[in-house]
A.B. asks: 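Following this message is one structure expressed as C-alpha cells.
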Amino acid sequence: MNPELTLLLTPLVPLVGSACIAALGREPNLREAATLLTACVLLVLVISLLPTLHSGAPPEITVAEPIAGLPIALHAEPLGLLFALVASFLWLVTSLYSIGYMRGHGEANQTRFYVFFAIAIASAMGVAFAANMFTLFVFYEALTLSTYPLVTHAGSDEARRAGRIYLGILLGTSLVLQLLAIVWTWQLAGSLDFVPGGVLGDAAGPGVTSVLLVLYVFGIGKAAVMPLHRWLPAAMVAPTPVSALLHAVAVVKAGVFTILKVVVYLLGIDVVSAAGSRTGLLYVVAATIVIGSLIAMRKDNLKARLAYSTVSQLSYIVLGALLANAWGIIGGGMHILMHAFGKITLFFCAGAIMVAAHKTEVSELRGLGRAMPITMGAFFVGSISVIGLPPGGGLWSKWYLALGTLQADQLVLLAALLLSSLLNLAYLLPIPIRAFFSSSTEAPTELREAPLASLAAIVVSSAGCILLFFFAEPAHRLMQLALSP
C-alpha cells in the first residue's frame, strides 16, 4: 500500500470502526469483534510505516488547508511513530480487557463506550502524526472532547462534576495559554511546521522564548504539571478501561508527547536550552515529581494512588524535554513507552480486583494474592517497571533521564528523580507483598480471578513490561533517529 495512503488511514480507520461499532450496538459479540478487528487493522497500518521511516523517506500528506499557510497535514517521524505504536498496540490490549471488564461489571451504555474510545484513538493518531502544530492542536482538542463522554460514563453527580473539572482545565489551558503560544510562534516564525531544530531560530530573543516556553508547558494541560493536574485524579471516577486510556494509551501521553514535539521540532533544543525560564520550569517539574509521589503514598484508594503516581511520572517526561539535551530527550521519549506498559498493567489489575473481589482500597488487599495470584503477580511486575527496577523496562528510561540530568550538571534534579523512585517503591511494592505474604480474615481464599478476556490483557501488558527490559533497543534507535538532523 502507498505509504501516504497508509498514513491517512491511521486516523480514518478508527473513525470508520466507531461507525461500525455504533451500527452493531444491538449485537454485543459483533460490536466487540468490530472493536478488536479495527484495533488489529490500525496496529498493522502503524507497523507498516516503520520500513519507510528507516528508509529515509518518511511519508507526508496534506489533507486540507483551512487557513492559508496552515494546512492540516500528516507526517511520519520517529517520535510520532513511537507514540502511535504505543497507542495502537495498547488500544488492542485495552479493548480485550474492556470486554471482560464491561461485561463482568455490568456497565451500562457499553456501545457508547466503545464508540468514543475508537474516536479518541483516531484523535491520538492525528496527534502522533501531525505535521505541524496547527494540525496537532486540532486533534488535541478532538481528543479532549471525545474522552469527555468516557469520563462521565457513569452519569452520576460525581461523574458530571469530574467531567466539568476535566473540560474546564483541559480546554481552559489549551484555548487560553497553548493557543496564544501557537499564534505567537506563527507570528514570529511564519511557520508552525515540525522540523528538526525547530522553526524559531533567531526570530525571538531569550525573553520572548522564555514566555513562550512557559505558555506551552502550562498550556499543554494534558501533561498535568502542578498546579494544573486536578483533572487527572478527578477523572478516576470513570470505568477502569477509561483510566487506562487516560493514563497510558492516549490522553496524558498526548500531553507529554506534545511537549517533546514543541521542544524538539517547533522551538528547537538550542532555543529551549537558552530560554531564561527553563531552569525555573525544571524545578516546578521536579517539585511535581516529588509532590505527586508523596500524595500517592497517602492515598488508600488504589485508583487514586495510581492517579497521583501518573501525575509524578508524567513530569519525568516533561523533565527530559526541558533538559534539552540528547540523553534527556531520549529518556523522555522512552518513558512514554515504558510508563505506558507499567501503568496500564497496574490499572488493569485495579479494575480486576474491583470486578472479581469488589475491593477498591489498598488496606483491603492483604492476603488477596491467594485468590488472585495472576493479577497480583502482574501488579508486582508493573510496579517494578514503574519504580525502575530490573527486569522492568522502566529501568532504561529512568537511566537515560538520570544521564540527562548529569549532562546538564543538574544534581538537584537527579536527586529528585532518585527520591521519587524510592517513594515509588514505598507506595507500590508493599501492595503485592502484603497481598501474598499477609493474611486477612476478609480476603477471599478461593480462586477468584477476573474474566478471561481481562486476565489475558493483564498477562500481555505485564509480559510487555519485562520484554521491554530485554528489547529496549528499537525504542532507543527511534529516539536517536528523532534527534538526527
A.B. asks: Compare all side-chain heavy atoms of Leu455 with those of Thr375 and state whether any distance is below 4.5 angstrom.
C.D. replies: yes
A.B. asks: Between atom CE of Met297 and atom CZ of Arg305, what is the distance when rounded to the nearest 0.5 Å?
C.D. replies: 8.0 Å
A.B. asks: To the nearest 0.5 Å, how far apart are OH in Tyr140 and CG in Leu179?
C.D. replies: 12.0 Å
A.B. asks: Leu192 vs Phe137, test: side chain to side chain contact (heavy atoms under 4.5 Å, CB included). Steps then yes/no.
C.D. replies: CA-CA 11 Å; Leu192 292 176; Phe137 182 77; over 6 Å; no
A.B. asks: Heavy atoms, side chains only, cut-off 4.5 Å: are Glu4 and Pro59 in contact?
C.D. replies: yes
A.B. asks: Applying side-chain contact (heavy atoms from CB on, under 4.5 Å) between Val41 and each of Leu9, Val13, Leu92, Val46, report the one that passes.
C.D. replies: Val13
A.B. asks: Is the Tyr97 ring parallel, tilted or perpendicular to the Tyr101 ring (thresholds 30°, 60°)?
C.D. replies: parallel
A.B. asks: Using 0.5 Å steps for rounding, measure from the CG atom of Leu346 to the OG atom of Ser462.
C.D. replies: 10.0 Å
A.B. asks: CG of Leu8 to CD1 of Ile61: how many Å apart, nearest 0.5 Å?
C.D. replies: 4.5 Å
A.B. asks: What pairs with Lys398 under salt bridge (Lys or Arg N to Asp or Glu O under 4.0 Å), at least two apart in sequence or on another chain?
C.D. replies: none
A.B. asks: Mark yes when over 12 heavy atoms from residues, nucleotides or ligands other than Glu158 sit less than 6.0 Å from its CD; otherwise mark no.
C.D. replies: no
A.B. asks: Does the side chain of Met376 come within less than 4.5 Å of Ile431's, by heavy atoms?
C.D. replies: yes
A.B. asks: Return a table of donor-acceptor pairs under 3.5 angstrom between the side chains of residues 378-385 and protein atoms on other chains or two or more places apart.
C.D. replies:
from	atom 1	to	atom 2	distance (Å)
Ser383	OG	Phe379	O	2.7
Ser385	OG	Gly394	N	3.2

A.B. asks: Measuring only between side-chain heavy atoms, which start at C-beta, is Val262 closer than 4.5 Å to Met133?
C.D. replies: yes
A.B. asks: To the nearest 0.5 Å, what is the distance between CD1 (Ile119) and OG (Ser123)?
C.D. replies: 7.5 Å
A.B. asks: Under 3.5 Å, side chain of Thr135 to main-chain N/O of Pro71, donor-acceptor pair present?
C.D. replies: yes
A.B. asks: Looking at every heavy atom in both Leu215 and Ala181, which two are closest together, and how far apart are they?
C.D. replies: CB-CB, 3.7 Å
A.B. asks: Using a 4.5 Å cut-off on heavy atoms from C-beta on, say whether the side chain of His229 contacts that of Tyr308.
C.D. replies: yes
A.B. asks: For residues Ser309 and Tyr427, is any side-chain donor paired with an opposing acceptor at under 3.5 Å?
C.D. replies: yes
A.B. asks: Is it true that Thr173 and Gln178 share a donor-acceptor pair across their side chains at a distance under 3.5 Å?
C.D. replies: no
A.B. asks: Any side-chain to backbone donor/acceptor pair from Glu361 onto Glu364? Under 3.5 Å, distance only.
C.D. replies: no
A.B. asks: Taking the side chain as C-beta and beyond, is there a heavy-atom pair between Pro227 and Phe218 under 4.5 Å?
C.D. replies: yes
A.B. asks: Are side-chain heavy atoms of Val252 and Lys222 found at a separation under 4.5 Å?
C.D. replies: no
A.B. asks: What are the two closest heavy atoms between Arg448 and Ala356, and how far apart are they?
C.D. replies: CD-O, 2.6 Å
A.B. asks: Measure across Gly163 and Thr152 and return the closest heavy-atom pair with its distance rounded to 0.1 Å.
C.D. replies: CA-CG2, 3.7 Å
A.B. asks: Step by step, would you call Ser420 with Asn424 a side chain to side chain contact (heavy atoms under 4.5 Å, CB included)?
C.D. replies: CA-CA 6 Å; Ser420 175; Asn424 299 163; 3.7 Å; yes
A.B. asks: At what distance, to the nearest 0.5 angstrom, does CD1 of Ile289 lie from CG of Leu423?
C.D. replies: 11.5 Å
A.B. asks: For residues 31-47, pull every pair meeting side chain to side chain donor-acceptor pair (under 3.5 Å), keeping only residues two or more places apart or in separate chains.
C.D. replies: Arg31-Gln110, Arg31-Thr111, Glu32-Arg103
A.B. asks: Under the 3.5 angstrom rule, does the side chain of Glu449 hit a backbone N or O of Ile374 as a donor-acceptor pair?
C.D. replies: yes
A.B. asks: Between Ala472 and Met338, which heavy-atom pair has the shortest distance, and what is it?
C.D. replies: CB-CE, 3.9 Å
A.B. asks: Determine the minimum heavy-atom distance between Ser315 and Thr288, stating which atoms define it.
C.D. replies: OG-CG2, 3.2 Å
A.B. asks: At their closest point, which heavy atom of Phe436 faces which heavy atom of Arg370, and how far apart are they?
C.D. replies: O-NH2, 4.3 Å
A.B. asks: Does Trp396 use its side chain to pair, donor to acceptor, with the backbone of His476 at less than 3.5 Å?
C.D. replies: no
A.B. asks: Taking the six-membered ring of Tyr265, is the NZ or CZ of Lys261 close enough (under 6.0 Å from the centre) and on axis enough (within 45°)?
C.D. replies: yes
A.B. asks: Under the ring-ring contact (aromatic ring centres under 6.0 Å, His included) rule, what do Phe469 and Phe341 come out as? Steps first, then yes or no, please.
C.D. replies: CA-CA 11 Å; Phe469 174 79; Phe341 273 83; over 10 Å; no
A.B. asks: Using side-chain heavy atoms (C-beta onward) and a distance below 4.5 Å, is Tyr216 in contact with Val263?
C.D. replies: no
A.B. asks: Run the ring-centre check on Phe116 versus His153 and record whether the distance is less than 6.0 Å.
C.D. replies: no
A.B. asks: Could you go through the side-chain hydrogen bond (donor to acceptor under 3.5 Å, both in side chains) check for Ser397 and Tyr316 one step at a time?
C.D. replies: CA-CA 9 Å; Ser397 54; Tyr316 280 66; over 6 Å; no
A.B. asks: Please say which of Ile317, Leu319, Ile330 ends up in a side-chain contact (heavy atoms from CB on, under 4.5 Å) with His335.
C.D. replies: Ile317
A.B. asks: Using only atom types and a distance under 3.5 Å, with no angle test, would you say the side chain of Ser48 pairs donor to acceptor with the backbone of Leu45?
C.D. replies: yes
A.B. asks: Can Leu170 and Thr147 be said to form a side chain to side chain contact (heavy atoms under 4.5 Å, CB included), step by step?
C.D. replies: CA-CA 11 Å; Leu170 293 188; Thr147 48; 5.8 Å; no
A.B. asks: Output yes when a side-chain donor or acceptor of Asp300 lies under 3.5 Å from a complementary backbone atom of Ser363, and no otherwise.
C.D. replies: yes
A.B. asks: Any donor-acceptor pair under 3.5 Å linking the side chain of Ser156 with the backbone of Ala159?
C.D. replies: yes
A.B. asks: Kindly determine whether Lys299 and Leu306 satisfy side chain to side chain contact (heavy atoms under 4.5 Å, CB included), including the steps that lead there.
C.D. replies: CA-CA 9 Å; Lys299 295 295 180 181; Leu306 297 180; over 6 Å; no
A.B. asks: Indicate yes or no for a side-chain donor-acceptor contact from Glu27 to the backbone of Asn29 under 3.5 Å, with no hydrogens or angles considered.
C.D. replies: no
A.B. asks: Within a 6.0 Å radius of atom CZ on Arg112, are there more than 12 heavy atoms belonging to other residues, nucleotides or ligands?
C.D. replies: yes
